[in-house]
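Here is how names work: the chains are called A, B, and so on, in the same order as the sequence lines, proteins then strands, and each is numbered from 1. Hydrogens, waters and symmetry mates are skipped; everything else that's a heavy atom, side chains included, is used.
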2 protein chains.
Amino acid sequence: MSRVAKNPASRGSARPTLEAVAARAGVGRGTVSRVVNGSEGVSAKARTAVQKAIAELGYVPNRAARTLVTSRTDSVALVIPEAETRLVAEPYFSDTIRGVTAGLADTDMQLLLILVRTAKERERLAAYLSAQRVDGVLLVSVHRDDPLPNLLETIDMPAVLGGRRSDREPLSYVHADNESGARAAVEHLLDRGRRAIATITGPLDMEAARARLDGHRKALGAEPPDASLVAQADFTEEGGIRAMRALLERRPDVDAVFAASDVMAAGAMQVLREAGRRVPEDVAVVGFDDSIVARHTDPPMTSVRQPIEEMGRTMTRMLLDEIANPGLPHRHVALATELVVRESS
Amino acid sequence: MSRVAKNPASRGSARPTLEAVAARAGVGRGTVSRVVNGSEGVSAKARTAVQKAIAELGYVPNRAARTLVTSRTDSVALVIPEAETRLVAEPYFSDTIRGVTAGLADTDMQLLLILVRTAKERERLAAYLSAQRVDGVLLVSVHRDDPLPNLLETIDMPAVLGGRRSDREPLSYVHADNESGARAAVEHLLDRGRRAIATITGPLDMEAARARLDGHRKALGAEPPDASLVAQADFTEEGGIRAMRALLERRPDVDAVFAASDVMAAGAMQVLREAGRRVPEDVAVVGFDDSIVARHTDPPMTSVRQPIEEMGRTMTRMLLDEIANPGLPHRHVALATELVVRESS
DNA sequence: ACGGTGACTGGGAGCGCTCCCAATCCGGTG
DNA sequence: CACCGGATTGGGAGCGCTCCCAGTCACCGT
């Protein structure tokens, strides 16, 4: 049989194969494979010969071939609900990606980015993941009723969540200590002598939003606070605006607001200004995220910083761990937040 | 997490193969393959039988096997220099990704996200791309001396740039019409009766920055403007601050500033406030990007909007085109910008 | 000297898919 | 009724790699 190299995409110099390296080094395929994969049981002599051949030929393993036999893909997916990329403070997005990338840096894993926008895409994603096209999944911004985590568990796919669905989340996750952060924010307002401290919440089907609300409540005392001081919103500026208007109407005496996101806090500040209330003299404002928005409002906003990039890095490390050790029990990690005080409080 | 799969090849429920589908449908592998890939020359009868079998078995093609033989990977890489994710206005990042994802939406291509941070990683990326692990590359935020585009051309890898290296860029690219945008901004300032219109530039090794500077010059008249009205910076807030200080010192009479990015404009506004100049009464300010920052400065900032998400979408479509038709000549697309007038001017 | 031992090594057997070609089928022709 | 050509079909031959096992070989103990 002639070995007619009829490569369909025959551009560029044909890449050398394992076989070519073996021939050049005067050894068998098995030995080259062992060297490439760092297995032991290869004589020093053979190893150097192979390494030399690899260098000379510029050999790079064909990932598809490897995947075909090992059924490892050497890639992980980062799944982000697209809506969140609009609502949530912008840096959340880039910081997460940066953290994940950093966590993957000296692996040779690839990062697949998947934005899910519609319910239909969600289903496609499910099929996609079931097809085992990645070794693991990072899932951020999960809502309470998100079906994806359960799916992942069902198909036995390693996964780590950024944030949790509830405080009984079984899957592995990394999250910021939202409750403590919120509590610190409200206590800071109390320290400043504020007495009527309202809060603007995020969507309560997200645990992060609930936890921040809890922090507000706990800082104010054990018993549930006056409901008139709580306005529900959705993390958007528009929502923050509406919530602040409602609060002013219900509680003209309000002298401080803790918003569960910077963007909502910015909206609140607008409303306060229009209402003729000075910030911070009449009403103090504290946000959450410490995003770029917080630094540019007028006055600059006090906010609770969460270590998003580090969350991404940690999630990634945990995922790689779970991929490498399939039996591993799920782990839960909380990272500390930090109150950044500026002039709005 | 109950059963620890110790058998390497034992995946949850063994995924059905092409062969299984063929058996079930009572046809040969070739026929199933033809149906799956939409080739013609399949009788209606065979086709429906195959489709039925696929549905019943829940068959999903194994991508690795396909890649191995076709040497297509069905994935494209989006390469982003990591430094840019910090400097450039944040939404740039997420908008681009959103656009690219949208462009890929009804393909079954996957998106690989690659952040390049160090020179070493840059080299690894070169090796990676040379290994033909993706079908095409999207490259954003290219600097004038970026070696990557040439590499891509050398290895004959389909690529589309977001922005260009110079106005003689040979590779395909999509960019915003920076010069017109800048010109519109400066003309707007002239309309407002401003006479000493300074500009704060981005790093001039980026064509976008140069083009914005050109726009400033051309709006002011054919001849090169007074150099004292031009301050070079780097797209960062810090840079904008330094530049504005320098401008105030050199030209106390300055009555307007056009900054090549919102973040720099925000820095400039800070400096102006500290210097006791009112915006816009004493000095009008216009930014570029129309990012979230522009909406939250005090006063809200006039800015030049660029359709970033659309750029991402367009780039992606062009790339898919180039992948599908290898002979295609390179194309250059400029998208219009739009001046968004707010209270800072 | 000889079997035993452990360290290495080569290469067959696929992984699941696409390509391609020979084989088959069928209606229409002469 | 034999023959022809186009439409359809089945399945062999790999793609490049890892796994695994049967050797091979130098060396040791008795």
*If you find the nucleotide of DNA chain D closest to A/Arg72 and the one closest to A/Ala64, which residue's nucleotide is nearer the 5' end?*
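By nearest-heavy-atom nucleotide position, the 5'-most residue is A/Ala64.
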Interatomic distance, [X] [atom1] vs [N] [atom2] [rounded to whole Å]:
X       : N      : atom1 : atom2 : result
B/Asn37 : C/dG16 : CG    : P     : 17 Å
A/Arg29 : D/dG16 : CZ    : P     : 12 Å
A/Leu18 : C/dG12 : CG    : C1'   : 15 Å
A/Arg63 : C/dC15 : CZ    : C1'   : 18 Å
A/Ile54 : D/dG16 : CD1   : P     : 16 Å
B/Glu40 : D/dA7  : CD    : P     : 10 Å

Given [N], is OP1 or OP2 found less than 4.0 Å from the side-chain N or O atoms of [X]?
X       : N      : value
B/Arg66 : C/dT18 : yes
B/Ser33 : C/dT18 : yes
A/Asn62 : D/dC15 : no
A/Thr31 : C/dG10 : yes
A/Ser43 : C/dT9  : yes

_Do A/Val36 and A/Ile54 make a side-chain contact, defined as non-hydrogen atoms from C-beta onward lying under 4.5 Å apart?_
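Yes, their side chains come closer than 4.5 Å.
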*Would you check if B/Arg122 and B/Leu148 make a side-chain contact, meaning some heavy-atom pair closer than 4.5 Å?*
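They are in side-chain contact.
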Shortest side-chain distance from [X], nucleotide among [options]:
X       : options                : answer
A/Thr70 : C/dC19, C/dT9, D/dT18  : D/dT18
A/Arg34 : C/dC19, D/dC20, D/dG16 : D/dC20
B/Leu68 : C/dG10, D/dG16, D/dT9  : D/dG16

_Set out, in order, the CA-CA distance, both residues' side-chain angles and the distance that settles side chain to side chain donor-acceptor pair (under 3.5 Å) for A/Arg165 and A/Asn150, then state yes or no._
CA-CA 11 Å; A/Arg165 285 170 293 173; A/Asn150 290 333; 3.2 Å; yes
*If we ignore angles and hydrogens, is there a donor and acceptor under 3.5 Å between the side chains of A/Glu322 and A/Ser172?*
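Indeed, the side chains of A/Glu322 and A/Ser172 share at least one donor-acceptor pair under 3.5 Å.
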_For a quick test of reading the model, state the closest non-hydrogen atom pair linking B/His332 to B/Glu169 and the distance between them._
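For B/His332 and B/Glu169, the tightest heavy-atom pair comes out as CE1-O, 3.1 Å.
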*Reckon A/Val36 touches a base, only the sugar-phosphate, or nothing at all at heavy-atom distances under 4.0 Å?*
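Nothing: the residue A/Val36, judged by heavy atoms under 4.0 Å, touches no strand.
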_Quiz question: going by heavy-atom distance under 3.5 Å, is there a donor-acceptor pair between the base of D/dG16 and the side chain of A/Arg15?_
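Side chain to base: no pair present.
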*Given DNA chain C, 5'-ward residue of the pair B/Tyr59 and A/Val27, judged by closest heavy atom*: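 Its nearest nucleotide lies further toward 5', so the answer is A/Val27.
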